[in-house]
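The shown structure was predicted, so the numbers you read here are calculated from the model rather than taken from an experiment. Values reported hereafter were calculated over all heavy atoms of this structure, with side chains retained and with hydrogens, waters and symmetry mates removed. Letters A, B, ... are given to chains in the order of the sequence lines, protein chains preceding strands, and every chain is numbered from 1.
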4 protein chains.
Amino acid sequence: MSADKKEHIILTAIDLFATKGFEGTSIREIAAAANVNLAMINYYFGSKEKLFESIIEYKASHSRVALEELVQDTSLSPIQKIDATIDGYIDRLFGHRNFHRLIQQELITHTRTTLQTHIVNNIIYPNSRAISHIIEEGIQKGDFKEVDPRLTTITLVGTINQILLSTRYCSKMLSNSDDPDYNPYEDESVKNRVRNHLKLLLHEHLLKK
Amino acid sequence: MSADKKEHIILTAIDLFATKGFEGTSIREIAAAANVNLAMINYYFGSKEKLFESIIEYKASHSRVALEELVQDTSLSPIQKIDATIDGYIDRLFGHRNFHRLIQQELITHTRTTLQTHIVNNIIYPNSRAISHIIEEGIQKGDFKEVDPRLTTITLVGTINQILLSTRYCSKMLSNSDDPDYNPYEDESVKNRVRNHLKLLLHEHLLKK
Amino acid sequence: MSADKKEHIILTAIDLFATKGFEGTSIREIAAAANVNLAMINYYFGSKEKLFESIIEYKASHSRVALEELVQDTSLSPIQKIDATIDGYIDRLFGHRNFHRLIQQELITHTRTTLQTHIVNNIIYPNSRAISHIIEEGIQKGDFKEVDPRLTTITLVGTINQILLSTRYCSKMLSNSDDPDYNPYEDESVKNRVRNHLKLLLHEHLLKK
Amino acid sequence: MSADKKEHIILTAIDLFATKGFEGTSIREIAAAANVNLAMINYYFGSKEKLFESIIEYKASHSRVALEELVQDTSLSPIQKIDATIDGYIDRLFGHRNFHRLIQQELITHTRTTLQTHIVNNIIYPNSRAISHIIEEGIQKGDFKEVDPRLTTITLVGTINQILLSTRYCSKMLSNSDDPDYNPYEDESVKNRVRNHLKLLLHEHLLKK
DNA sequence: TATGAATGAGTTTTCATTCAT
DNA sequence: TATGAATGAAAACTCATTCAT
């Protein structure tokens, strides 16, 4: 099978898994939506669960965050790194929100324990730890106040996650919209509003006066 | 069926749904875990989906938040209301974290559209709007800065949700623990740490110097 | 339980069985429709099947046809007996059409073999045989032609059954009506039309010129 | 699945549905009788109800009656058309008596309303109307008396249906047989007797002297 | 490599019936 | 006598997976 087709299946599966959940989606539906043969999915991915793992792997390799490099970067001040993190996070998570929702579901439920461990240890935690390191660096350098680095990280990540959680909630909260067709995630003004809020919030929280 | 038994089934189902998802949990499992006859669940709740709705209803009526009263309360200053909200939210959400996870899953996925609308309109959104109102009141009174009330609310809610999301992530982030038996949600020091972080964060963000 | 209540259940069950079939009707539905306790039906009739038998018994004793007496009656000529049979049959079957449909279903299918034998031997066949006897008597007396008495009986019974079979078919055929609320069986003009047709048909067929 | 296997399942289902009713027959039984996997029936027909619809469709396309052509045929006189109709009907209905019983059950009960409408409008009524047309043509041409065409049609159809209704009733009435193994529908003498009776009956009823 | 057909184990749901009171 | 609660058995249906080609 061409790599293109494999990718096509993965992208189709991400959307379905994200909106219907892993057990709520049948490989029959995925096959139909991706316009491929039902048996092919098992043939090429091995099983439904392996398909899920392939999705994780594919995304992990295609959208790795440059956070670790950011941490190492000596040309930027800690607060500049924080701003860069906010900008990067918002762009990336808003763009891959379905994959992100997938991950979150997998974290909330934990049927596939080893996979969850993998996700936490290799995807979620490293990113959070990198942000924490930036904050710790700022504290050490005397730029930042003696805040709780881990919880500050959680606030940053949690705010974005809360927005990504539910289109409906997000629309109601940020646009007072009940229109089911409105997509707040592709509204640049929403993105800017979030960016500004987070930067303001964290500057106040982190920077010494 | 006695109300006790009905409640027992609901509480059992919440835990299972929360950890394995709605589709990932069979009513067989629920029946076994609750030690009741398989057919009884359908007999008394009508269907698996109706059981889910019963859970929402039950929880909505048993754990209604006193937020609206807090908004109306004239004896408290806006910042005191924010502090009370943080204290109340943390206690309540930590205590009902499984139900809370259930709700979040339902929001991420949206197979049951009308139920989701119900949850957003009647449970999630009213609480968030109440918090926003407190912030707006503070701004009007001149106590608070001209922040974004909605996004500030999202930060408050999102931080707690992020912590509740995954025990594993929370343990790693807040206790550096890989022990699968450690429960950070019943660790008072964790709760206090979160409380202090949120109060500090929001005081800085909201209060005029 | 009062006899009235028992009768009420039976009458309710007849209507449900007639329109949804025996296996297509649950005793739960019957209990709900008759406004009685579900367990009571089993308690008083023993089982669903026994309820069915009770229906047969009840109807057999409450609407027994006077055909046998008609056969014996020496004051009427054979053709007068035929006319009386037509009149009586139409009135009775049109009035009890739901019970009649019940019986017909039971004859088409034959899951309950002994009950079917009972119905044929004690309800259906005796009536048909009585009509055949009248015809045979007419032949013997020289009033009637040498027709096939059994098949002539079947034509008489079959014509009425065909009309009773399906309200929709009957409405379309006899009234050109597609109105789902129209009830041809309570339309006196329809009954008269059927009566006249059958009498004309059988007079021509039976009577010597 | 091969068309043969599909046909095999349909034919098996017709027999079971005809003798036990639709709700009285489980797809398990059908699968066992047809020697196919239980899941395959749902897999290929979609559901039990869809299987039923497939049966109707299959039969409708495989045994369409040539009645409409008969109506148009100008080389035959009306009474010749009637005779041809009788011959054709008897052969066809006797041959497909199980499917015919199926249809009749579906007409008596009416759980599946739209399907019933389909059957009446597309299968039953067109045939009856075609026969009525022949009779009307005979009346117009002056060959036939001014009879009731619709009721005369019902008599023709109803007589055959009455015979097909129940093997037991038919055996007792036409052969005085209580032998449960006797099949009157494959007895040529029975068929001839019915043919002759109907022709005699209708000739007398229709033809001017 | 690719796929239509097939299947066994699982699901939810419905049912007639029985039980405890 | 009467009934709300409970239950075992069976129903229809769905599913991921495998097989034969």
Side-chain angles (χ1 to χ4, degrees), chain A residues 1-2 5-6 9 22-32 35-52, chain B residues 1-6 9 22-31 34-52, chain C residues 1-2 5-6 9 22-32 35-52, chain D residues 1-6 9 22-31 34-52:
Chain A
M1 182 170 58
S2 71
K5 218 170 200 173
K6 219 163 176 169
I9 294 173
F22 179 78
E23 358 276 327
T25 308
S26 71
I27 62 169
R28 214 170 221 84
E29 282 175 289
I30 298 170
N35 233 2
V36 300
N37 182 275
L38 161 71
M40 231 188 58
I41 294 180
N42 269 298
Y43 190 70
Y44 275 98
F45 292 91
S47 72
K48 194 186 175 185
E49 201 148 330
K50 294 264 187 63
L51 166 61
F52 194 92
Chain B
M1 184 168 56
S2 71
D4 267 9
K5 215 169 207 171
K6 216 163 178 168
I9 294 173
F22 179 78
E23 265 77 33
T25 308
S26 72
I27 62 169
R28 226 184 208 75
E29 285 175 288
I30 298 170
N35 231 7
V36 299
N37 183 278
L38 162 70
M40 237 193 52
I41 294 180
N42 272 295
Y43 188 68
Y44 277 97
F45 292 91
S47 69
K48 193 185 175 184
E49 197 149 329
K50 293 262 188 65
L51 166 61
F52 194 92
Chain C
M1 183 171 56
S2 71
K5 217 169 200 174
K6 219 164 177 168
I9 293 172
F22 180 78
E23 358 276 327
T25 308
S26 71
I27 63 169
R28 215 171 220 83
E29 282 175 289
I30 298 171
N35 233 1
V36 299
N37 182 276
L38 161 70
M40 231 189 57
I41 293 180
N42 269 299
Y43 190 70
Y44 275 98
F45 293 92
S47 71
K48 193 185 175 186
E49 201 148 330
K50 293 264 185 64
L51 166 61
F52 194 93
Chain D
M1 184 170 55
S2 71
D4 267 9
K5 215 167 206 171
K6 215 163 180 171
I9 294 173
F22 178 79
E23 358 274 330
T25 308
S26 70
I27 62 170
R28 227 184 206 73
E29 284 175 288
I30 298 170
N35 232 7
V36 299
N37 182 278
L38 162 69
M40 236 192 55
I41 293 181
N42 272 296
Y43 188 70
Y44 276 98
F45 292 92
S47 71
K48 195 184 174 186
E49 196 148 329
K50 293 262 187 65
L51 166 61
F52 194 92

Report the distance from atom [atom1] of [X] to atom [atom2] of [N], rounded to the nearest whole Å.
X: Met40(C); N: dG4(F); atom1: CE; atom2: P; answer: 11 Å
X: Phe52(A); N: dA16(F); atom1: CZ; atom2: P; answer: 14 Å
X: Ile41(A); N: dT1(E); atom1: CD1; atom2: P; answer: 17 Å
X: Ile9(A); N: dT1(E); atom1: CD1; atom2: C1'; answer: 13 Å
X: Glu29(B); N: dT11(E); atom1: CD; atom2: P; answer: 7 Å
X: Asn35(C); N: dA2(F); atom1: CG; atom2: P; answer: 15 Å
X: Glu23(A); N: dT14(F); atom1: CD; atom2: C1'; answer: 14 Å
X: Lys6(B); N: dA6(F); atom1: NZ; atom2: C1'; answer: 14 Å

Practice prompt. For Leu38(D) and for Asn37(C), locate the closest nucleotide of DNA chain F by heavy-atom distance; then report the residue assigned to the nucleotide nearer the 5' terminus.
Written response: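 Its nucleotide being nearer the 5' end, the pick is Asn37(C).
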Worksheet item: Taking the nucleotide of DNA chain F with the closest heavy atom to each, which residue, Val36(B) or Gly46(A), is nearer the 5' end?
Response: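 The residue whose closest nucleotide sits nearer the 5' end is Val36(B).
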Looking at the side chain of [X], which of [options] is the nearest nucleotide?
X: Tyr43(A); options: dT3(E), dA9(F), dA16(F); answer: dT3(E)
X: Asn42(A); options: dT14(E), dT17(F), dT7(E); answer: dT17(F)
X: Arg28(B); options: dT7(F), dT17(F), dT11(E); answer: dT11(E)
X: Lys48(B); options: dA12(F), dA9(F), dT12(E); answer: dT12(E)

Discussion item. Could you check whether Lys6(D) makes a cation-pi contact with Phe45(D), meaning its NZ or CZ is under 6.0 Å from the centre of the six-membered ring and within 45° of the ring axis?
Written reply: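 Yes - Lys6(D) lies over the ring of Phe45(D), closer than 6.0 Å to its centre and within 45° of its axis.
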Minimum-distance pair of heavy atoms, taken over all atoms of [X] and [Y]:
X: Met40(C); Y: Lys5(C); answer: CE-CD, 4.4 Å
X: Ile27(B); Y: Ile41(B); answer: O-CD1, 3.9 Å
X: Ser47(A); Y: Asn42(A); answer: CA-OD1, 3.4 Å
X: Ala31(C); Y: Leu38(C); answer: CB-CA, 3.7 Å

Item to complete: Once you apply the 3.5 Å cut-off to both distances, tell me the Watson-Crick or G-U wobble partner of dA9(F), or none.
Response: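 When the pairing criteria are applied, dT14(E) turns out to be the nucleotide that pairs with dA9(F).
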Item to complete: May I ask which nucleotide in the shown strands pairs with dT3(F), Watson-Crick or G-U wobble, both distances under 3.5 Å?
Response: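 Pairing partner, where one exists within any strand: dA20(E).
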Within less than 4.0 Å of OP1 or OP2 of [N], is there a side-chain N or O belonging to [X]?
X: Lys5(D); N: dA6(E); result: yes
X: Ser26(A); N: dT14(F); result: no
X: Tyr44(B); N: dA5(F); result: yes

Fill in: Closest-nucleotide 5' rank along DNA chain E - winner of Glu49(B) and Ala39(D)
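It is Ala39(D) whose nearest nucleotide is closer to the 5' end.
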